[in-house]
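For reference, the structure is listed below as structure tokens.
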Amino acid sequence: MEITNDLSLMIGGKAGAGIFASGIIFAKTCMRGGLNVFATNEYPSIIRGGHQWVLIRVSDKPIYSQIRRVDLLIALDKLTYEIHRDEVSDSGGIIVDSTLIIGEDDSRLYGIPISEILKKYEAKPVMANMVALGAAIGLLDYDIDVLKGVIRDHFKGREGLVELNIKLAEEGYEYSKKHHSGFVFRLKSLKEGSQKILVSGNDATAMGALAAGLTFYAAYPMTPATPILHFLSRIQKEYGLIVIQPENEIAAINMVIGAAYAGARAMTATSGGGFSLMVEALGQAAMTEVPIVVVVVQRPGPSTGMPTFTSQGDLRFVLHASQGEFPRIVVAPGDPLEAYMLTADAMNLAWKYQVPAIVLTDKYLAESLWSIDFFPGIEPIEENIIREKYSSSEPYARYKLTDSGISPLALPGTNGVIVRVNSSEHDEFGFGTIDPGKVVEMVNKRFRKLSMLSDEAERKGVKAYGNGNIVIVSWGSTKGPILEATKDFRDSIRFVQFLWLSPFPRKGASKALDGAEKILLVENNKTGLLGSLLNEYLHINPDLSLLKYDGRPFYPEEIRGWLKKCLGE
Amino acid sequence: MEITNDLSLMIGGKAGAGIFASGIIFAKTCMRGGLNVFATNEYPSIIRGGHQWVLIRVSDKPIYSQIRRVDLLIALDKLTYEIHRDEVSDSGGIIVDSTLIIGEDDSRLYGIPISEILKKYEAKPVMANMVALGAAIGLLDYDIDVLKGVIRDHFKGREGLVELNIKLAEEGYEYSKKHHSGFVFRLKSLKEGSQKILVSGNDATAMGALAAGLTFYAAYPMTPATPILHFLSRIQKEYGLIVIQPENEIAAINMVIGAAYAGARAMTATSGGGFSLMVEALGQAAMTEVPIVVVVVQRPGPSTGMPTFTSQGDLRFVLHASQGEFPRIVVAPGDPLEAYMLTADAMNLAWKYQVPAIVLTDKYLAESLWSIDFFPGIEPIEENIIREKYSSSEPYARYKLTDSGISPLALPGTNGVIVRVNSSEHDEFGFGTIDPGKVVEMVNKRFRKLSMLSDEAERKGVKAYGNGNIVIVSWGSTKGPILEATKDFRDSIRFVQFLWLSPFPRKGASKALDGAEKILLVENNKTGLLGSLLNEYLHINPDLSLLKYDGRPFYPEEIRGWLKKCLGE
Amino acid sequence: MGKFSLRDLETGRKIVWCPGCGNFPILAALKRALIELNLRREDVVLITGIGCHGRMSEYVNVNTFHTIHGRVLPLATGIKLANPNLVVIGHSGDGDAYAIGLGHLPHAARRNIDVKLIVHNNMVFGLTTGQVTPTTPKGVKTRSTPYGNPENPLNPLIIALASGATFVARGFSGDVMHLKELIKEAIKHRGFAMLDILQPCVTFYNTYQYFRERIYKLEETNHNPKDYWEAMKRAMEWGNKIPIGIFYRVEKPVFYEEFKHAMNPPPALRKLSKVDLTKLYTMFM
Amino acid sequence: MGKFSLRDLETGRKIVWCPGCGNFPILAALKRALIELNLRREDVVLITGIGCHGRMSEYVNVNTFHTIHGRVLPLATGIKLANPNLVVIGHSGDGDAYAIGLGHLPHAARRNIDVKLIVHNNMVFGLTTGQVTPTTPKGVKTRSTPYGNPENPLNPLIIALASGATFVARGFSGDVMHLKELIKEAIKHRGFAMLDILQPCVTFYNTYQYFRERIYKLEETNHNPKDYWEAMKRAMEWGNKIPIGIFYRVEKPVFYEEFKHAMNPPPALRKLSKVDLTKLYTMFM
Ligand SMILES: Cc1ncc(C[n+]2csc(CCOP(=O)(O)OP(=O)(O)O)c2C)c(N)n1
Ligand SMILES: Cc1ncc(C[n+]2csc(CCOP(=O)(O)OP(=O)(O)O)c2C)c(N)n1
Ligand code: SF4
Ligand code: SF4
Ligand SMILES: [Mg+2]
Ligand SMILES: [Mg+2]
């Protein structure tokens, strides 16, 4: 029996052994053959030597997440073999350095003389991954030329490396072709596949912001948000961006507010601890009505918690952060396309409504990789902005009372206007006030924006998949495992995903939940935070909850198993 | 007609003119005569010259708040007269410097030649208040000797000032006795009155902490929490306190955590903006299980907002502040006695359960003054603490797994133990861990405390006044105006006050709300934050809401008027 | 609008500082400096912190940002980077700049970001009614230190010099004309300029007399503001004689020049238009 | 327990720094210093920030507090004030102490709080995989500055000196015995001691070779660590020759002595008992 184009592959080894690079190379190799790919990783907060892995799912059908089953394990060290051998299915295989794992009576082992090959080419130990990748391609009976192309692009500019790595991959490939055959799992290029890109949630977030006009990015490194900083600083020249790493998160968000006040579309990203430090300035953005975007990539808390793991524990925190009350946008994408779209939306709408917008993701979404179609074109939308000249006879009032609550926004430097903003309560011109009537007017003005903002949330804030009356409710990155778990049960199981958390899409939610017999909550946290919103806004207490808070994402198998129990099967 | 011992008096004038001092002196003068007193103030964030006032209610019956009606206005400048004359009832009076307000055809005016008297004694303009106070005592036919006693104590140690001020008061008194008579409102000492103290919410909070063993206080000044710092630094020597004003709020809370880790009962206080900066360390206290108390005195936000005004806008913020999920104590007193009791409770329970505790008050509670009985004796309670020596053969484990979730707490320096705490997720000994099983155990351990903590909340978290089936629901400082507004309707109107907001006393609330026909929400904010908790925890959406967000506290008249409308009268 | 006169700079707001407050001369000096420098009013951005000093933004009719406590510098940095055409002037207090905001000062200095920091150093928290600050002398009684300040004060000029500031000066509210010149020089300086102003707080810490008796002007000595060590030594003087004037001034590359690739036009002035992401895609393929 | 040997200091945790990391010698030097100083193990509190340096607390079997990023100093201050009997040693990184935590350093220094700050200065954010920090030299390429660091670095020794630190020293991971002596001297110093350690990060910024070629020891010169200006000048040296050793050391009153009224016994050791509030009541009557 052969199984073609339905593979789950894991590469494991020590931090510093090029595990993630191998994962990306393998994933791209599959993607270039027209196959769909999803990859996710796990690693401790250790620079070298800690055990880490990447898990790659490949199929010619749509895939939404990793699965538990491992069909092929590339164990780059002994520990990987020991930890993960039980995850490999009986018909699966395990690629190892034949000199490393000896005497194991395991029929799934495919030994490759990796060390010998490295020695032959005087290659560094870190290049073991290339031999193993070649061997895997051989075992899977896939096209080695595609792999070579990917390696060539990966090491572009470093020609010596290109040749050596390709050689190593070829050696691995040939060895496995020659010595190992009959492996059940196969990969085969599809000729019709459209051109795709392999992106992470972080990549998509950054590109969504770019599409919506980002020109200023300030961020202090914090796992798992740091890759956005790396990416944007890499491309700063081509896109004319200012990318700056300030002294801390307080400086980062205040620089962003300064830049946005001046007129630049500006963003910062961080994780919970850094966001904690931004809380005061978030309120300042709200009070001054300076539009900013803050990306919060969740990891398990409280406090330092587990920096390299995943969580959905910050939902209530971002919804209520900062003293006083004000409208804010909080959106939570579930995959890269949504990350792109919602971040672009967040930027455009922050500027339209002059409110702070938060894009809430998590490590699992941020660092996993998806093969997807090119992003749809999105444009920066500018409304209510006065640039260059002001042509009214009235003096410019930054906080003019309007029906919508949105005041015309002028940029400093514009002829004929003085732009006066104020973190204290203020009048229409931005001068401080404590007059009770004016104060109420100003609070009401800011809150009037909620009416149009809620319309946006209702329109786009909830998605339903399937028609069943058993309804799974969730938000953010759990989307993938849930879709994967329920893909064969679309008639009996409905999945309702919340994309907007603030304003809360109350009507959209009611509609999406209409007719539900049972409501099942799935969240990557301890207390069911979306559940608390359902209680608050809809008086719905989910019938059952599946909550996971060990820092790991859901596996579809867990969800499916739980569903069976829920449904009394 | 004479009205005895039922008075509402206002003193108004410029910032810097001793308005609040006069208020305190007058209030104490009444209190020493056995009368009940309540005083509240309003002032802009301006050091000199801004208009400010204090409003004092005096009665021989219990009083709960200020009222709108002013019976006697002491207008220390013209502006005060202009702003407030319409608040003075027809039968009321207005004490003015006869040289200042001339030609006003207002029969309520009682002119006193204040400037002349000051000139005669070569006294500074700021002493006008003493002449006016004396005049008021005269007009009210009260006992000038009591006033003199209060003045004597007020200026204790500055004998020259004592004599001059007493002289000035006497002059005012005699002038009004001689020239003005027949004023309707009268005050008369009660002989049986018990000894009382005149305290603010801030005073009570500080004393509650002292009673529960406070020895370390670190705070960065922030209105309206600063008086706690002033008070504690004044008494630091008598009570052996360390009182320190660090470079900012981040330093303040981290010093508090350090001191508590070392073994000291430690506290900080701030308002919303400063609390924003403490958010990250709040999570650290939760993760390390170091017991701390944070007092948050609310003022209107967002951001700098209105520093000297009042608000209840931070409830959701303090409930959800900091990344990740963890149990916390949040209590909200409604008057000084509750502020004292709940702060002491917060300190004792923070140490018992090793969780962060937040005492949530607001400017209105913090800076208003109440005449009350001496505080009941409360003792510091210490449980689960290992001091001096450790007598087990097992190595000490700071985060030992226990049924209650509470681990024995040892102090560093103790013979035979090593105290290892960690802001990262950790094992029983405080070493970092990412093991999924251990992580879940630790999260569960921290959350197990919720079970006993919830019992505390259920026991003490909700109070009901009256038996009616029309139920007003509120929390915090609105208590006073609500009690005042409803005091004559206890049979038809029930008032349910929430004292614990976290853990939320769900059962206690259900019980207190039992049989309610109508639920009316009263809050000093824009969106009804307690209302959102009722929705979330009880699926109760209040039938009607009275929300005030102009920075001013409620007046009982507003509540009564609204109630009438609600009840369709 | 464009160039302006003193009248154009009025906002019509009532000034609520205590009579005699050392902030009045600073306000007067700033206004005069702006006029004499002949700038476009629309090009000036005044950023103010929280404190009595923060009211400056109510009294000068240019662009203003009254920010939260302690964040004048990062905010100013963001504004200047996004639009270097703007003249960015921060007004801060000793609490604002040296207590809660101190973490930003050395970084702004070493970056040599072209913003001006004018610190109203009254050695007290004014607006919160008189507590100790990092520049309050040891032993002084304040409302938070009723038994005397237990801490040694910070010398902000030394900190600025130690951090690489390219312009470091001290003024005194008691000499408004001198102050005006210092503000002008600070604004004219290309790079980060810190001007610490001895500003008596007549209500909580009245130092007029104290400083009047001790102050002397550096420009009336042979002080060479290009000499770092001389600047350091002068900045250490604090006793019977206290120097004011320009301690240090050198020219160095300014921060936004490091972002030439983003300055054509600068971010705040760039027209929004569709962004081509496809050139990125090869990276992901 | 009480006095301890090297074995007692082991925690049995696997060390996960990169092989060759400059943190190993610091760990070895600290342990030896603790032993040679002959302290009670229970009296030592090690506070560590977030970063590779932060793992120190996993590897030394004394009391530890692994705190959040940048807050070693306020935490240490709280501990020391609450119980001055404890020996409070903070380990921080150049990111932890000089980026996010810089706002605390001058204040700890001017207070002369008796805690020790040992900075593992690898001139890079290690744990977050190699970004620029305030001590990274200008022009250096890191993952957040792929076109070279646009900022001028900070000189932490000058900042410490400018802030009034009473003990300022620099060590080098390449000389563990010298480092041990410095740590001992820092711990013995009564007052705030800052020890900046040049700590190569072999993975992201390997400076072993660079520093080996340049380093010289102050004690092998005629350097007088009591002379403030000499210390300043030596701290400015950064080129072909880079000094290590004790730059500055003077004795000044320490901070907790300002709280004598609260030290008998200190807060952390005081027995809880009923507090008499009635003596306060006269104030409120
Ligand atoms: C985060 C935060 N903490 C505290 C405050 C309260 N606060 C307002 S002004 C001020 C002190 C201002 O002192 P300074 O900067 O010296 O200004 P001055 O009033 O003396 O001009 C403080 C602490 C605040 N607004 N925000
Ligand atoms: C508030 C906050 N911001 C950011 C981070 C992420 N973070 C972890 S370690 C680190 C840098 C550490 O650099 P350094 O102090 O130099 O330590 P090293 O790893 O080099 O020893 C950062 C930014 C964090 N944990 N907390
Ligand atoms: S308190 Fe001091 S600084 Fe503030 S206005 Fe008054 S005199 Fe000026
Ligand atoms: S990354 Fe650098 S500092 Fe961190 S362990 Fe590795 S070598 Fe050491
Ligand atoms: Mg000041
Ligand atoms: Mg470092």
Side-chain angles (χ1 to χ4, degrees), chain B residues 14-17 20 43-52 79 125-126 217-238 241-252 269-274 276-278 299 301-305 307-308 367, chain C residues 13-21 23 48-55 57-58 65-71 94-105 122 124-136 141-151 154 201-205:
Chain B
K14 286 195 181 57
F20 298 157
Y43 60 101
S45 186
I46 293 173
I47 304 304
R48 287 246 184 104
H51 173 67
Q52 55 181 224
L79 188 64
V126 68
Y217 184 76
Y220 190 78
M222 185 159 198
T223 309
T226 316
I228 300 177
L229 173 64
H230 294 167
F231 173 65
L232 290 174
S233 53
R234 238 171 96 192
I235 64 162
Q236 59 181 299
K237 300 240 164 173
E238 294 93 299
L241 309 178
I242 289 188
V243 178
I244 169 168
Q245 180 192 309
E247 57 272 26
N248 57 34
E249 288 89 351
I250 296 179
T270 185
S271 189
S276 289
L277 293 168
M278 296 183 180
R299 61 192 222 188
S303 203
T304 310
T308 59
E367 296 199 1
Chain C
R13 303 283 293 181
K14 200 181 139 209
I15 299 189
V16 295
W17 288 316
C18 308
C21 171
N23 280 316
T48 57
I50 298 291
C52 293
H53 65 273
R55 294 198 195 279
S57 47
E58 299 263 311
F65 198 128
H66 185 39
T67 183
I68 49 181
H69 192 34
R71 311 307 166 196
D94 47 320
D96 202 67
Y98 306 142
I100 194 167
L102 185 61
H104 306 299
L105 176 55
N122 54 9
V124 78
F125 285 175
L127 194 62
T128 48
T129 73
Q131 298 81 19
V132 73
T133 77
T135 54
T136 311
K141 291 183 183 172
T142 71
R143 291 184 79 185
S144 57
T145 57
Y147 298 102
N149 178 15
E151 305 186 0
L154 205 71
C201 164
V202 294
T203 299
F204 297 111
Y205 195 54

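In this text the structure is predicted, and so the values were computed from the model without any measurement.
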Between C:F204 and chain B, with a heavy-atom cut-off of 4.5 Å, which part of the residue counts as in contact: side chain, backbone, both or neither?
side chain
Does the B:R234 side chain pair with the main chain of C:R143, one donor and one acceptor, at a distance under 3.5 Å?
no
Say whether, by atom type as modelled, one donor and one acceptor occur between the side chain of B:E249 and the main chain of B:T270 under 3.5 angstrom.
no
Residue, of C:G101, C:P150, C:C52, C:S144, that accumulates the most heavy atom pairs under 4.5 Å with chain B
C:S144
Among C:L102, C:T67, C:I100, C:V16, which has the most heavy-atom pairs under 4.5 Å with chain B?
C:I100
Parallel, tilted or perpendicular: which fits the ring planes of B:Y220 and C:F125, with parallel below 30° and perpendicular above 60°?
perpendicular
Would you check if the side chain of C:T48 reaches a backbone N or O of C:G54 as a donor-acceptor pair within less than 3.5 Å?
yes
What part of C:H66 gets closer than 4.5 Å to chain B, counting heavy atoms only: side chain, backbone, both or neither?
neither
When B:S45, B:G49, B:P307, B:A251 are compared by non-hydrogen pairs under 4.5 Å with chain C, the top option
B:S45
Contact part of C:I68 toward chain B, heavy-atom cut-off under 4.5 Å: side chain, backbone, both or neither?
both
Enter the distance from B:E367:CD to B:T226:OG1 here, rounded to the nearest 0.5 Å.
8.5 Å
Looking at C:N149 and C:T136, would you say the former's side chain and the latter's main chain have a donor-acceptor pair under 3.5 Å?
yes
Using heavy-atom distances under 4.5 Å, tell me whether B:I250 contacts chain C through its side chain, its backbone, both, or neither.
neither
